[in-house]
Amino acid sequence: MKTWFERGQTWCWISTENILKRDRTIVETNSFGGAPIVLAEYRLAADAHLLNKRAAELARQAADEFSTASRPRFAAGSMGPTTKAITVTGGVTFHELREAYYTQAKGLVEGGVDLLLVETCQDTRNIKAAILAIQRLSKEIGSAVPFVISVTIEPMGSMLAGQTVEAMWASLRHAKLWRLG
């Protein structure tokens with residue numbers, strides 16, 4: 001019987017080989033739901049750092065395998081919005097979110113990702129918690145960790161928590177984002 005990591009490695013190889021052979025530049029970790037807050041729902045919160053680190057190691061291995069001098073490949077660490085949002089669902093504090101994002105970011109960076117993707121955000125306060133976690137980690141390691149923020153805009157023209165794109169940008173423009181989408 002294979003272990004979870006062996007199954008993960010097999011999956012990672014099949015998926016990334018198909019992606020990277022098609023001239024893609026970035027391979028993303030399968031860690032979208034890897035924050036301790038999400039993993040707690042499966043009684044895996046204590047394993048969050050290890051799971052994120054291993055996901056990053058697998059993505060790093062795949063990126064390195066297909067990287068060439070003329071066509072480098074990069075590993076990106078996926079950080080989903082969690083299953084809790086301060087404004088929308090409640091049940092979580094800003095401090096808890098920041099710590100959850102920190103644990104996830106630390107595992108991903110230690111595992112070797114080149115950048116972090118804070119994905120499908122629906123609440124500006126969650127985004128700020130993620131940014132503060134990444135900034136804390138950057139300070140601790142003595143190097144800025146590049147990160148991308150992606151937000152979800154509902155048909156009504158705002159995030160699920162009600163912030164417009166303009167309000168969200170006013171709240172985040174001070175952060176040194178690599179990209180915003």
Thr83 and Glu41: CA distance, side-chain angles, deciding distance, side-chain hydrogen bond (donor to acceptor under 3.5 Å, both in side chains) verdict: CA-CA 9 Å; Thr83 53; Glu41 296 170 14; 2.5 Å; yes

If you apply the rule side-chain contact (heavy atoms from CB on, under 4.5 Å), what do you find for Tyr102 with Leu137, and how did you get there? CA-CA 7 Å; Tyr102 173 80; Leu137 178 61; 4.0 Å; yes

Give the C-alpha distance, both sets of side-chain angles, the deciding distance and a yes or no for side-chain hydrogen bond (donor to acceptor under 3.5 Å, both in side chains) between Thr152 and Gln122. CA-CA 6 Å; Thr152 301; Gln122 305 160 17; 5.0 Å; no

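Within the 4.5 Å cutoff, no side-chain heavy atoms of Thr93 are placed close to those of Arg98. Side-chain contact between Lys84 and Asn126 is absent, with no heavy atoms from C-beta onward closer than 4.5 Å. Ile134 has its side chain out of reach of Ile131: every pair of non-hydrogen atoms, C-beta onward, lies at least 4.5 Å apart. Side-chain atoms of Leu116 and Val148, non-hydrogen and from C-beta on, never get closer than 4.5 Å to each other.
Both Leu51 and Tyr42 are part of a single hydrophobic cluster, where members link through side-chain heavy atoms under 4.5 Å apart. Criterion: ILVMFWY side-chain heavy atoms under 4.5 Å apart, direct or through other members. Under it, Met79 and Leu172 are part of a common hydrophobic cluster. Leu44 and Phe32 fall into different hydrophobic clusters, where Ile, Leu, Val, Met, Phe, Trp and Tyr are joined by side-chain heavy atoms under 4.5 Å apart, directly or via other members.
Atom-to-atom distance recorded for Glu96:CD and Thr82:OG1 is 10.5 Å, nearest 0.5 angstrom. Here the straight-line distance linking atom NZ of Lys128 with atom CD1 of Ile86 works out to 10.5 Å at 0.5 Å rounding. In this structure, CG in Asn30 is found 10.0 Å from CG in Leu58, a value given to the nearest 0.5 Å. Taken from CD1 in Ile26 to CG in Leu115, the straight-line distance is 5.5 Å, to the nearest 0.5 Å.
The two residues Ile149 and Cys121 have their closest heavy-atom pair at CG2-SG, 4.4 Å. Contact between Val118 and Ala130 at its shortest, heavy atoms only, is CG1-CB, 3.9 Å. Contact between Ser78 and Leu108 at its shortest, heavy atoms only, is O-CD1, 3.9 Å. Heavy atoms only, all atoms of each residue included: Gly112 and Ala56 are closest at N-CB, 4.1 Å. Scanning all heavy atoms of the two residues, the minimum distance from Thr124 to Ser171 falls at CG2-CB, 3.6 Å. For the residue pair Thr87 and Arg125, the shortest heavy atom distance occurs at OG1-NH2, 2.8 Å.
In terms of modelled atom types and a separation under 3.5 Å, the side chain of Thr103 and the main chain of His49 share no donor-acceptor contact. Ser31 places no side-chain N or O within 3.5 Å of a backbone atom of Gly34 that could act as its donor or acceptor partner. Panel note: side chain Asn52, backbone Ala35; no donor-acceptor pair is recorded below 3.5 Å. Checking side-chain atoms of Gln104 against main-chain N and O of Tyr101 turns up no donor-acceptor pair under 3.5 Å. Using a distance-only test at 3.5 Å, with no hydrogens or angles considered, no donor-acceptor pair links the side chain of Asp64 to the main chain of Ala59. Here the side chain of Ser138 pairs a donor or acceptor atom with the backbone of Val145 at under 3.5 angstrom. Proximity of a side-chain donor or acceptor of Ser150 to a complementary backbone N or O of Thr120 within less than 3.5 Å is detected. Listed for the Asp114 side chain is no donor-acceptor partner under 3.5 Å among the backbone atoms of Phe74.
Look at Lys106 and Glu99 and you find no salt bridge, because none of the NZ, NE, NH1 or NH2 atoms lies under 4.0 Å from a carboxylate O. Ion pairing between a basic and an acidic side chain is recognised when a charged N comes within 4.0 Å of a carboxylate O; Arg60 and Glu57 show no such pairing.
For the pair Arg73 and Phe66, the cation does not sit on the ring face, since its NZ or CZ is not both under 6.0 Å from the ring centre and inside 45° of the axis.
Only one option out of Leu97, Val151, Leu132 pairs with Ile127 in a side chain to side chain contact (heavy atoms under 4.5 Å, CB included); it is Val151.
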